[in-house]
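Any value given below was found using the heavy atoms of this structure, including those in side chains, with hydrogens, waters and symmetry copies removed. Both counts, for ligands and for their atoms, begin at 1 and track the order of listing.
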Amino acid sequence: MEKFVINGGQPLRGEVTVSGAKNAALAIIPAAILSHDVCRIENVPTSISDVSFMIKTLKHIGAGVRLIDRSTIEIDSRFVNSYVISHDMTKYLRASYYFIGALLGRFHRARVAMPGGCYLGPRPIDQHIKGFEALGAKVTIEDNAIVEATANELIGNPIYLDVVSVGATVNIMLAAARAQGMTVIENAAKEPHIVDLANFLNSMGADIRGAGTDVIKIKGVENLHGCTYSIIPDQIEAGTFMVAAAATRGDVLIKNIIPKHLESISSKLIECGAEIEEFDEEIRVSMNRRPGKCNIKTMPHPGFPTDMQPQMAVLLALAEGTSIVSESIWSNRFRYTEQLLRMGASITVDGQLAVIHGVEALRGAPVRADDLRAGAAMIIAGLAASGKTEIEDILYIDRGYENVVEKFGNLGGDIRRVYCVEPFSKDSAG
Ligand code: EPZ
C-alpha cells in the first residue's frame with residue numbers, strides 16, 4: 001500500500017507543464033481500433049493507470065501497442081481479433097465502455113463487461129444504449145454484468161440525448177463513424193475532449209461536424225485510416241494546479257494549456273481574488289491574500305466542471321465568508337467533505353448543496369482519497385494546511401494525475417510517496 005505524506009504550509013511557486021488530457025486519451029485510444037491501420041498518438045499521459053488499463057485492454061483484443069517515448073504511443077489495429085472484453089479488464093475503469101462503441105463500429109458486435117470506475121453516485125448507461133439501438137444494434141445486458149451489442153448493419157439516425165452525457169456522446173460517435181448514412185446527435189456534450197475525439201476521427205478520414213456544439217453530425221464512411229494525432233492538454237489537471245496555486249497563496253505558471261478551456265475556472269478564481277495572466281499556451285495564477293467567497297454550480301461544458309468541484313471547495317474552505325457549492329451532475333460527489341472536516345474545515349452538506357463557512361487555516365490530518373478528484377482536493381488541502389497530512393487510497397489519484405509528486409515537488413510542495421505495510425484487516429483475521 002502507498003500513501004502520500006505532505007508537510008504543508010508553503011506557497012507553491014514556479015512552473016509546471018500539464019500532461020495530455022486523460023478523458024480525451026480514454027476516448028481516443030479505443031477509437032484507434034476503428035481503422036485497420038496504425039495510429040500514432042502524441043501527448044498521451046502514459047503513466048496514469050487509467051491509460052495503462054486502456055492499453056492493456058487493447059493488447060488483450062489483439063492490437064499492437066508500442067511506447068515510442070514517454071508521451072507517444074503507436075497503436076497497430078490491423079490484427080484486432082476479438083470483440084469480447086471481460087470483467088478483469090473493465091472493473092477499474094469507467095471508460096472501458098468506450099470499447100462497446102468502438103467494437104460495434106469495427107465488428108458490428110461487442111461483448112463487454114459493465115464498467116467500474118470512481119463511485120460518484122449511480123452511473124447509468126441508458127443513453128449509450130439508446131444511441132446504439134438508434135443505429136440498429138440489438139443490445140442486451142446479461143445478469144447486470146455484461147453488455148452484448150450486435151447489428152447486421154449500423155445505419156445513421158437522429159438521436160436526442162435525454163441528458164447531456166460525455167460518455168454517451170463519445171460512444172455514439174465511435175459506433176456511428178463507420179455507419180451507413182448520417183447520424184445526428186442532439187443535446188450532445190460539448191466538452192473539449194468531445195472536440196478532440198472528433199478531430200482525431202476526422203484525421204482518420206471520418207466526416208464529423210459540429211463537435212463542440214450541441215448538435216453533432218456524423219456522416220458514416222466505409223473505412224478509416226491511420227494517422228498521427230496529438231491529444232489536447234488536460235483541462236482538469238491544469239485547473240487543479242490553478243486552484244493549488246491560489247489555495248497555497250502562491251504564484252505558478254502553468255504550461256501546455258488552452259486558456260479557452262479554463263475560462264470557467266479562471267473566472268471563479270478571479271471572483272475569489274486570484275490574479276490571472278493568460279498567454280497563448282500558458283496561464284499564470286497568483287494569490288497574495290486570503291481568498292474571498294464565491295458560489296459554484298457545476299454544469300456540463302462550458303459551465304464549471306464537476307471534476308473541479310472538490311478542488312475548488314478546498315479554496316472556499318479557506319475563504320473569507322460563506323460559499324455555496326451546488327453539484328448538478330453527480331448525486332454523490334461530496335464524500336470528500338468529511339475528510340476536509342478532519343482538517344478543520346467547516347462544511348455542511350445537504351443533498352446536492354454544500355455550504356462552506358471559510359476558516360482561516362486548515363491543519364494537517366490523516367485523510368483518504370475517496371475518488372480521483374477528491375484525492376486531488378486532499379493534495380491541495382494538505383499543501384495549504386499547516387503540519388502533516390497523510391493521504392490513503394492514492395491509487396485513485398494515480399488513475400488520473402501524471403507524476404503528481406514530481407510536479408508538486410518542483411513547485412516547492414513537500415509531498416512524498418511512501419510505502420507502508422497494509423494494516424491487519426478484519427477480513428484477514430481468522
Ligand atoms: C465523464 O464521465 C468523465 N469521465 C467524468 O470524469 C466526468 O465527471 C463526467 O464526464 C462529467 O463531466 C470520462 O470522460 C472518462 P456523463 P461520464 O455520461 O461520461 C447521467 C474524472 O474525474 N447519465 O457525462 O460517465 C449521469 O448519471 C471523471 O475524470 C445518464 O443518466 O459522465 C450523470 O448524472 C469522473 N445516463 C450525467 O448524465 C447515461 O446513459 C453526466 O454523465 C449516461 C449518463
Report the part of [X] (side chain from C-beta onward, or backbone N, CA, C, O) that has a heavy atom under 4.0 Å from ligand 1; answer both or neither where that applies.
| X | result |
| --- | --- |
| Ile329 | both |
| Pro124 | both |
| His301 | neither |
| Tyr396 | neither |
| Glu237 | neither |
| Leu372 | side chain |
| Asp126 | both |

Do any N/O atoms on Leu26 end up under 3.5 angstrom from N/O atoms on ligand 1? no

Mind checking whether His193 has an N or O less than 3.5 Å away from an N or O of ligand 1? no

Check for me whether Met308 has a heavy atom closer than 4.0 Å to any atom of ligand 1. no

Consider ligand 1: state whether an atom of it lies below 4.0 angstrom from any non-hydrogen atom of Lys22. yes

May I ask you to list the atoms of ligand 1 that are less than 4.0 angstrom from any heavy atom of Gln127? 36 (N), 39 (C), 40 (O)

Proximal atoms of ligand 1 relative to Arg333 (non-hydrogen, under 4.0 Å): 8 (O), 22 (O)

Lys/Arg N to Asp/Glu carboxylate O, [X] vs [Y], below 4.0 Å:
| X | Y | value |
| --- | --- | --- |
| Arg368 | Glu338 | no |
| Lys297 | Glu327 | no |
| Lys130 | Glu133 | no |
| Arg373 | Asp371 | no |
| Asp307 | Arg333 | yes |

For atom 2 (O) of ligand 1, the option (of Arg94, Arg399, Arg123) bearing the nearest heavy atom: Arg123

Is it the case that the ring center of Tyr83 lies less than 6.0 angstrom away from the ring center of Phe99? no

Would you call the rings of His128 and Tyr97 parallel, tilted or perpendicular, where under 30° means parallel and over 60° means perpendicular? tilted

Taking side-chain contact (heavy atoms from CB on, under 4.5 Å) as the criterion, tell me which of Leu316, Val359, Thr337 meets it with Ile347. Thr337

Mind checking the CE-OG1 spacing from Met89 to Thr57? Nearest 0.5 Å is all I need. 5.5 Å

